[in-house]
Amino acid sequence: MANVPAFGKLLSGSQNTLQAELNHTQKKMWENNQLFRAIFNRAGVGMAIVDSKGRFVESNAALQNMLGYDAGELAGMVFTEVTHPDDVPQGWELGRELFTGKRTFYHVTRRYIRKNGHVLWGRLMVSVVQDDTGSPQFIIGMLEDITESKRVESALRDSEERFRLFMDNSPTIAWIKDEQGRYVYISKAAEKRYNIDAKQVLGRTDANLLPEFSEIPQTNDQSVLRAGHPVHFTEERIAPDGHHNCWLNSKFPFKNSEGKWFVAGIGLDITEQKRSEKALHASETRFRDLAEMLPAGVFETD
């Protein structure tokens with residue numbers, strides 16, 4: 001029995017080691033939990049923990065500010081109570097897929113209804129949290145407010161639509177080219193005037209379309225980009241009947257939101273004006289020639 005004390009000492013030492021490891025593990029768990037709580041509570045995006053029935057278990061201050069509810073009001077509410085009705089079916093379906101193991105995460109753009117009734121657009125990222133056996137326990141979601149960007153997108157679409165409606169119903173010949181001279185837009189009037197389809201033109205340059213007349217418009221386009229302000233040019237074009245037409249083109253440069261430069265142009269057909277000017281000039285020339293051929297004093301009167 002001389003070894004009993006040694007065994008007891010060994011056992012005691014093992015217990016102390018196990019206890020130390022347990023204490024260390026508990027400390028790490030506590031630290032991790034504290035870190036998670038700090039991230040959850042101070043995150044700049046909305047965060048929430050939701051159970052399998054779609055009820056808010058917990059929410060952070062950012063989400064509460066987004067939706068206009070305090071923590072107590074959100075606690076126990078179902079996500080459908082703050083989700084736009086049109087987006088609820090998708091929410092249930094994706095949630096079901098999370099809890100049945102069909103997927104472990106998803107991200108979508110979704111609309112929410114704030115407490116004051118206003119619509120909030122959000123970019124939602126959701127993942128499922130599982131236990132040690134792999135069974136889903138709850139889901140955690142992060143929500144970014146993108147209402148303002150959606151408003152800007154909508155305003156841009158409306159602006160583009162108004163532009164197209166105006167240009168498509170205007171008799172004005174108009175076009176837009178990029179820095180490389182490729183057409184990115186032509187008006188309906190231009191399609192009709194030249195008897196072409198926009199699909200035949202977009203993405204192509206004057207060199208592709210009218211090789212023998214491309215040098216002047218390309219040079220003028222580059223001049224406008226260098227000048228940085230509107231410039232007027234007289235340029236020739238070929239009409240569908242094969243005749244050369246003369247156009248007074250007003251061109252101006254602009255830069256889009258991505259910093260890319262374009263040249264826009266509006267054309268006025270001055271072919272008849274030029275023909276009249278040419279005819280008048282020819283008539284004046286003939287008259288001068290005739291006058292020079294007549295004897296002096298023919299047109300003098302007493």
Please report the closest heavy-atom contact between [X] and [Y], naming both atoms and the distance.
X	Y	answer
Ala48	Leu63	CB-CD2, 3.6 Å
Asp168	Lys188	OD1-CG, 3.3 Å
Gly228	Pro253	C-CG, 3.6 Å
Leu143	Met66	O-CE, 3.2 Å
Val184	Leu202	C-CD2, 3.5 Å
Gly72	Asp70	N-OD1, 3.1 Å

Legend entry - Whether over 12 other heavy atoms sit under 6.0 Å from Glu215 CD: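 At most 12 heavy atoms, drawn from other residues, nucleotides or ligands, come within 6.0 Å of this atom.
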Legend entry - Intermediate values then yes/no, side chain to side chain contact (heavy atoms under 4.5 Å, CB included), Leu67 and Lys115: CA-CA 6 Å; Leu67 299 178; Lys115 187 177 181 179; over 6 Å; no
Please report the interatomic distance [atom1]([X]) to [atom2]([Y]), rounded to the nearest 0.5 Å.
X	Y	atom1	atom2	value
Arg123	Thr147	CZ	OG1	11.0 Å
Glu153	Asp158	CD	CG	12.0 Å
Thr234	Asn249	OG1	CG	8.0 Å
Lys251	Trp175	NZ	CH2	6.0 Å
Arg204	Leu210	CZ	CG	9.5 Å
Asp221	Phe233	CG	CZ	8.0 Å

Are [X] and [Y] linked, directly or through other ILVMFWY residues, by side chains that come within less than 4.5 angstrom of each other?
X	Y	result
Trp121	Tyr112	no
Val152	Ile146	no
Val108	Ile139	yes
Leu98	Val129	no
Met142	Ile49	yes

Determine whether a donor-acceptor pair (N or O, by modelled atom type, separation under 3.5 Å) exists between the side chain of [X] and the backbone of [Y].
X	Y	result
Ser170	Thr172	yes
Arg110	Val88	no
Glu81	Val78	yes
Gln218	Gly181	no

Flag side-chain contact, heavy atom, 4.5 Å: [X] against [Y]:
X	Y	answer
Leu94	Val126	no
Phe254	Ile176	yes
Glu93	Arg96	yes
Phe56	Glu73	no
Lys260	Asp178	no
Val82	Ile113	no
Tyr194	Leu209	no
Lys150	Thr109	yes

Legend entry - Residue pairs passing the ring-ring contact (aromatic ring centres under 6.0 Å, His included) test where at least one lies in residues 69-106, sequence neighbours excluded: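 Matches after skipping sequence neighbours: Phe79-Trp92.
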Inset, instruction - Evaluate the side chain to side chain contact (heavy atoms under 4.5 Å, CB included) criterion for residues Thr205 and Gln180: first the C-alpha distance (whole Å), next the side-chain angles of each, then the deciding distance (0.1 Å), finally the verdict. - result: CA-CA 8 Å; Thr205 67; Gln180 286 71 47; 5.8 Å; no
Inset, instruction - Please check if any side-chain donor atom of Ser223 sits under 3.5 Å from a side-chain acceptor atom of Asn220, or the reverse. - result: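 The criterion, which ignores hydrogens and geometry beyond distance, is not satisfied for Asn220 and Ser223.
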Inset, instruction - Taking atom types as modelled, find out whether Gln137 and Asp131 have a side-chain donor-acceptor pair closer than 3.5 angstrom. - result: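 Note: Gln137 and Asp131 side chains meet the donor-acceptor criterion.
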Legend entry - From CA spacing to verdict: side chain to side chain contact (heavy atoms under 4.5 Å, CB included), Lys177, Asp206: CA-CA 10 Å; Lys177 305 175 191 175; Asp206 288 310; 2.6 Å; yes
Inset, instruction - Assess whether salt bridge (charged side-chain N to carboxylate O under 4.0 Å, His left out) is satisfied between Glu161 and Arg164, documenting all intermediate values. - result: CA-CA 5 Å; Glu161 182 62 22; Arg164 291 193 178 278; over 6 Å; no
Inset, instruction - Would you confirm whether the ring centroid of Phe163 sits within less than 6.0 angstrom of the ring centroid of Tyr185? - result: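 Yes, they do, as the ring centres are separated by less than 6.0 Å.
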Legend entry - Any residue meeting side-chain hydrogen bond (donor to acceptor under 3.5 Å, both in side chains) with Glu148, in chain and number order, not counting sequence neighbours: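 Only Arg151 meet the side-chain hydrogen bond (donor to acceptor under 3.5 Å, both in side chains) criterion with Glu148.
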Inset, instruction - Show your reasoning for whether side chain to side chain contact (heavy atoms under 4.5 Å, CB included) applies to Met47 and Ile140. - result: CA-CA 7 Å; Met47 297 183 69; Ile140 184 167; 3.9 Å; yes
